[in-house]
Visitor: 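Take this structure first; my questions come after.
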Number of protein chains: 2
Amino acid sequence: MKSTEPACQYELKVAKDAMEVIQGKWRIPIIISLTYGNKRFGEIQRDIPEISPKMLSQELKALEENQLITRTLYDSMPITVEYALTPLGLSMKDLLVELRNWGKHFRKEIVGK
Amino acid sequence: MKSTEPACQYELKVAKDAMEVIQGKWRIPIIISLTYGNKRFGEIQRDIPEISPKMLSQELKALEENQLITRTLYDSMPITVEYALTPLGLSMKDLLVELRNWGKHFRKEIVGK
DNA sequence: CCGAATCCTGTTTGATACTG
DNA sequence: CAGTATCAAACAGGATTCGG
């Protein structure tokens with residue numbers, strides 16, 4: 001019996017939840033950037049130079065809605081905004097480690113061949 | 001010093017490699033299905049009922065090109081095709097475990113609230 | 001049974017310029 | 001500094017039909 005086992009169905013469901021959050025080209029890069037410290041808008045842009053301000057703004061908003069990051073406004077002059085991971089965002093650490101491990105492995109096996 | 005550290009840049013690069021492979025709505029589900037055993041086209045479809053034959057065919061091809069799965073043709077009557085994970089595909093196991101763990105955590109914290 | 005071919009739609013992403 | 005606005009392009013995904 002190898003099809004449609006309950007365990008498989010459950011794994012499919014939770015993996016789908018996870019993927020919906022990290023889908024897209026920019027969310028994982030943004031989260032990775034923030035694991036290296038709280039950052040301002042421009043600092044994230046320097047970590048990920050190819051991202052347009054529009055996409056950065058849009059994806060930050062989505063991550064905030066999913067409660068993975070916080071947005072803190074300091075109304076100094078000029079205005080500054082700081083983004084930081086929430087506990088939920090920090091809880092992605094192990095997943096990010098595995099993403100890094102596997103990405104490294106994949107690069108060794110395929111990309112860099 | 002918190003921006004654009006070498007470690008961050010390296011992590012961004014390998015994570016991007018990994019994400020390119022697992023991007024999209026269907027690749028992770030297909031791989032998960034195959035971790036429960038080698039399957040035929042129709043069997044994968046039964047695990048993932050929402051997928052159309054077109055998308056399944058297309059994504060299987062992409063996964064084969066990335067050497068994550070193999071496609072084996074048995075010319076019995078009628079013709080049957082079996083898909084299986086390669087060693088590289090199997091090496092995603094740890095990543096899938098973390099995806100499952102985090103998806104479960106996320107569902108508990110946010111989705112199912 | 002296992003797809004291929006075609007056509008079509010909506011979402012995602014991007015380039016560029018502009019604002020408080 | 002931290003974004004918005006606008007417009008266009010690219011792509012993912014779906015519906016349907018057909019073939020070996």
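Below, read A as the first sequence line, B as the second, and so on, with proteins coming before strands; counting in each chain starts at 1.
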Visitor: Under 3.5 Å, side chain of B:Gln23 to main-chain N/O of A:Gly24, donor-acceptor pair present?
Guide: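 Confirmed, B:Gln23 side chain pairs with A:Gly24 backbone.
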Visitor: Compare every heavy atom of A:Leu56 with every heavy atom of A:Ile30, then report the nearest pair and how far apart it is.
Guide: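 Nearest heavy atoms, A:Ile30 then A:Leu56: CD1-CD1, 3.7 Å.
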Visitor: Between A:Ser91 and B:His105, which heavy-atom pair has the shortest distance, and what is it?
Guide: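 That closest heavy-atom pairing would be OG-CD2, 3.4 Å.
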Visitor: Walk along nucleotides 15-20 of chain D from 5' to 3' and tag each nucleotide B, S or - by protein heavy-atom contact under 4.0 Å, base first, then sugar-phosphate.
Guide: B-----
Visitor: Can you tell me if A:Gln9 uses its side chain to pair, donor with acceptor, with the backbone of B:Asp47 under 3.5 Å?
Guide: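 Looks like yes, one N/O pair under 3.5 Å.
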Visitor: Please give, in whole Å, the distance from D:dG14 C1' to B:Gln45 CD?
Guide: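 Atom-to-atom, B:Gln45 to D:dG14, this comes out as 14 Å.
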Visitor: Decide side-chain contact (heavy atoms from CB on, under 4.5 Å) for A:Glu43 and A:Arg46; before the verdict, give the C-alpha distance in whole Å, the side-chain angles of both, and the deciding distance to 0.1 Å.
Guide: CA-CA 5 Å; A:Glu43 292 180 307; A:Arg46 273 190 288 286; 3.5 Å; yes
Visitor: Would B:Val97 and A:Glu98 satisfy side-chain contact (heavy atoms from CB on, under 4.5 Å), going step by step from the backbone distance to the final call?
Guide: CA-CA 9 Å; B:Val97 167; A:Glu98 287 308 325; over 6 Å; no
Visitor: Rounded to 10°, tell me the angle between the two end axes of the helix from C:dC1-D:dG20 to C:dG20-D:dC1, each built from five pairs.
Guide: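 If I round to tens, the end axes sit 50° apart.
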Visitor: Counting only side-chain N and O atoms of A:Arg46, is one of them less than 4.0 Å from OP1 or OP2 of D:dA2?
Guide: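 Negative; the distance criterion is not met.
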Visitor: A:Tyr83 near the nucleic acid: base, sugar-phosphate alone, or nothing, with a heavy-atom cut-off under 4.0 Å?
Guide: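 Result for A:Tyr83 = sugar-phosphate.
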Visitor: side-chain contact (heavy atoms from CB on, under 4.5 Å) for B:Asp94 and A:Asn101? Distances and angles first, verdict last.
Guide: CA-CA 9 Å; B:Asp94 291 343; A:Asn101 285 347; over 6 Å; no
Visitor: Which is it for B:Trp26 and B:Gln58 under the side-chain contact (heavy atoms from CB on, under 4.5 Å) test, yes or no, and what are the steps along the way?
Guide: CA-CA 10 Å; B:Trp26 304 115; B:Gln58 177 181 304; over 6 Å; no
Visitor: Run the side-chain hydrogen bond (donor to acceptor under 3.5 Å, both in side chains) test against A:Glu59 and tell me which residues pass, sequence neighbours left out.
Guide: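 For A:Glu59, the residues satisfying side-chain hydrogen bond (donor to acceptor under 3.5 Å, both in side chains) (neighbours in sequence not counted) are A:Arg27.
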Visitor: Less than 4.5 Å apart, side chain to side chain, heavy atoms only: is that true for A:Ile22 and B:Leu99?
Guide: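 Of all side-chain heavy-atom pairs linking B:Leu99 with A:Ile22, at least one is under 4.5 Å.
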Visitor: For a 4.0 angstrom threshold against heavy atoms of chain A, report the outermost contacting nucleotides of DNA chain C in 5' to 3' order.
Guide: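 First and last nucleotides in contact are C:dT13 to C:dA15.
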Visitor: Got a donor-acceptor contact below 3.5 angstrom from the A:Thr86 side chain to the A:Gln67 backbone?
Guide: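 Checked: pair present.
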Visitor: Identify the two heavy atoms, one from B:Phe41 and one from B:Pro53, that lie closest to each other, and give their separation to 0.1 Å.
Guide: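 Minimum heavy-atom contact is CZ-O, 3.7 Å.
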Visitor: In whole angstrom, give the distance that lies between atom CZ of A:Phe41 and atom P of D:dC1.
Guide: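 After rounding, the reported distance stands at 11 Å.
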Visitor: Quick check: on DNA chain D, is the nucleotide nearest A:Ser57 upstream (toward 5') of the one nearest A:Pro78, or the reverse? Name the residue that is more 5'.
Guide: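 That would be A:Pro78.
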Visitor: Counting only non-hydrogen atoms, which of residues 58-66 of chain B are less than 4.0 Å from DNA chain C?
Guide: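 Going residue by residue through residues 58-66 of chain B, the ones with a heavy atom under 4.0 Å of DNA chain C turn out to be B:Lys61.
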Visitor: Do any of residues 19-32 of chain A sit with a heavy atom less than 4.0 Å from DNA chain D, and if so which?
Guide: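 Within this stretch, nothing sits under 4.0 Å of the strand.
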Visitor: Between B:Ile51 and B:Gln45, which heavy-atom pair has the shortest distance, and what is it?
Guide: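 Nearest heavy atoms, B:Ile51 then B:Gln45: O-NE2, 4.0 Å.
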Visitor: Work out which heavy atom in B:Val81 is nearest to a heavy atom in B:Arg40; give both atom names and the distance.
Guide: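 Minimum heavy-atom contact is O-CG, 2.9 Å.
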Visitor: In whole Å, I'd like the distance from the NZ atom of A:Lys39 to the P atom of D:dC1.
Guide: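 My rounded result for the distance is 15 Å.
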Visitor: Specify the closest pair of heavy atoms between A:Ala18 and B:Gly103, including all atoms of both residues, with the distance to one decimal.
Guide: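 Closest heavy-atom pair between A:Ala18 and B:Gly103: CB-CA, 3.8 Å.
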Visitor: As an exercise, state the distance from CD of B:Glu109 to CG of A:Asn66, rounded to the nearest 0.5 Å.
Guide: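 CG of A:Asn66 is found 13.0 Å from CD of B:Glu109.
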